[in-house]
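The sequence lines fix the lettering, A, B, ..., with proteins before strands; numbering per chain opens at 1. The shown structure was predicted, so the numbers you read here are calculated from the model rather than taken from an experiment. When reading the values below, keep in mind they use all heavy atoms of this one structure, side chains included, and skip hydrogens, waters and symmetry mates.
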There are 2 protein chains.
Amino acid sequence: MIKIQQNTLYGEAAARIRDMINDGTLLPGTRIPEKQLCEQFGVSRTPLREALKVLASEGMVELLPNRGARVVRLTRQMLEETYSVMGALEGLSGELACRYITEEEVADIQALHYQMMAHYKRKEIRPYFELNHRIHDAIMLAARNEVLRETHSSLNYRIQRVRYSSMIDEYWDQAVADHEAMIECLLARDGERLGSILREHLRHKLVVAAASGVIDDDPGVARSRSS
Amino acid sequence: MIKIQQNTLYGEAAARIRDMINDGTLLPGTRIPEKQLCEQFGVSRTPLREALKVLASEGMVELLPNRGARVVRLTRQMLEETYSVMGALEGLSGELACRYITEEEVADIQALHYQMMAHYKRKEIRPYFELNHRIHDAIMLAARNEVLRETHSSLNYRIQRVRYSSMIDEYWDQAVADHEAMIECLLARDGERLGSILREHLRHKLVVAAASGVIDDDPGVARSRSS
DNA sequence: ATTCTCTATTCTGTATTCATAATTCATTTT
DNA sequence: AAAATGAATTATGAATACAGAATAGAGAAT
């Protein structure tokens with residue numbers, strides 16, 4: 001299986017800027033210095049600016065006419081809105097998944113689940129998150145809806161940076177309980193219930209994210225940081 | 001109230017290309033002739049290509065490396081997927097709207113509804129669609145979720161071209177019945193039921209669109225048309 | 001006559017250049 | 001001393017120029 005690599009410069013640039021935003025190299029609210037990034041990436045401004053257009057329609061950056069691009073700041077308002085929408089999408093993915101998922105896929109997810117549980121018991125947070133993500137992704141794939149997957153993925157980009165921010169034990173237990181229930185639903189092909197669990201599941205995540213203090217609601221912070 | 005016009009050339013170009021796709025000037029599957037559009041719009045290739053990047057991440061066009069941009073062809077598969085996702089989003093909008101909508105907004109929607117009913121009785125299809133759209137938009141606004149609105153709007157762009165394609169009487173009656181029920185739900189603030197009605201409502205639309213023959217499932221058509 | 005190959009042309013992707021808007025800093029005025 | 005004004009600098013938005021890939025067409029070979 002040969003993978004066709006369509007490496008365009010603007011695509012590469014977009015990916016790298018996305019990463020820089022997620023890992024905190026580019027801070028929310030700060031200006032994105034075109035010239036500097038051009039030198040860093042070794043490309044001219046044309047592909048870089050095209051990349052910014054893409055990121056803008058993904059909601060990662062905002063373009064102010066004649067004032068360049070800024071990293072979008074995640075307000076609590078926006079985070080709540082995004083989680084609400086993602087909840088609806090994941091809920092749908094659960095319903096559809098139960099309709100189309102194969103025995104093999106369910107078995108795979110179960111395997112991932114037990115792996116995840118092992119990490120949970122050992123309080124290994126990173127591997128836990130990794131497995132957690134793969135489970136949700138597997139459900140999304142089982143939904144057999146590419147539009148859904150892309151839409152969800154696009155929203156997910158925006159909030160990546162608050163994802164692995166913190167973990168409260170209380171929430172963690174709840175999350176694991178949710179996952180247990182999810183497996184049950186998959187086995188029983190109970191789409192409706194899986195849907196509601198997934199919607200609720202995201203609601204819980206929001207609480208954690210909101211509590212973690214990654215969000216900057218104070219409009220003054222970003223500007224002062226740009227110096 | 002002064003409206004700040006952030007008219008960038010690439011934004012203008014994107015809007016115009018979007019319209020050209022929706023009104024059939026640019027046919028699905030055909031290549032988008034950069035040079036020609038540049039001359040037509042009176043801009044250089046730079047802003048036009050930036051516009052294409054935006055449209056690509058909206059899902060209106062697809063960019064093939066070194067082979068330019070093509071108008072995305074709407075397959076039945078894709079249309080079904082899109083409607084499914086939009087159903088989830090509109091369903092959510094219904095739930096949220098019932099939570100946040102004011103008396104005034106409900107009254108406005110009721111007014112729009114009666115206007116729409118008048119057009120329905122006179123079988124004035126275009127004005128009917130117009131009001132129909134405004135009602136759904138008003139509900140979306142009442143949901144107080146900008147992320148939801150943008151996400152929905154972006155998906156809506158893609159399928160605009162099949163929207164006003166045809167109208168079967170049987171479906172029309174059903175749609176009007178749905179709308180009657182929607183008003184009831186809004187008055188009763190029954191978010192859950194409004195949600196399900198909206199989801200179903202979209203399912204019906206899909207049937208009509210699928211039957212209307214706007215979709216091209218044959219992979220050969222587009223290529224031959226590009227000559 | 002048909003197919004294959006090689007060349008010429010066209011078109012895309014990227015770099016560079018130019019014009020204009022925004023910002024900064026120094027000077028002046030109150 | 002603080003604020004305001006204006007010139008210089010910088011950055012953005014758009015146009016042009018250039019390199020390389022893809023396509024089309026002519027000619028040769030079967």
Within residues 48-61 of chain A: residues closer than 4.0 Å to DNA chain D (heavy atoms): A/Arg49
Touch class at under 4.0 angstrom, heavy-atom based, for A/Arg45 against every strand present: base
Close residues, residues 10-20 of chain B, relative to DNA chain C [heavy-atom separation under 4.0 Å]: none
Selection from C/dA22, D/dA14, C/dG13 that lies nearest to any side-chain heavy atom of B/Glu34: C/dG13
Side-chain N,O (B/Thr46) to OP1/OP2 (D/dA14) below 4.0 Å: no
A/Asn66 CG - D/dA14 P separation (whole Å): 8 Å
B/Arg199 side chain vs B/Glu90 backbone, donor-acceptor pair below 3.5 Å: no
Min side-chain heavy-atom separation B/Ile17-B/Met60 under 4.5 Å: no
Minimum-distance nucleotide to A/Lys35 side chain [options: C/dA15, D/dA11, D/dA21]: D/dA11
Side chain proximity check, B/Leu148 to A/Glu81, heavy atoms < 4.5 angstrom: no
Pairing of A/Arg203 and A/Glu200 as salt bridge, 4.0 angstrom limit: yes
Interatomic distance, A/Glu39 CD vs C/dA15 C1' [rounded to whole Å]: 15 Å
Nearest-nucleotide pick for B/Arg67, side chain only, options being C/dA21, C/dC11, D/dA22: D/dA22
SB check A/Arg149 A/Glu146 (cutoff 4.0 Å): yes
Listed nucleotide nearest any side-chain atom of A/Arg31, set D/dT12, D/dA22, C/dT14: D/dT12
Contact check, side chains of A/Asn132 and A/His179, non-hydrogen atoms, under 4.5 Å: yes
Rounded interatomic separation in angstrom, taking CZ from A/Arg70 and P from D/dA11: 14 Å
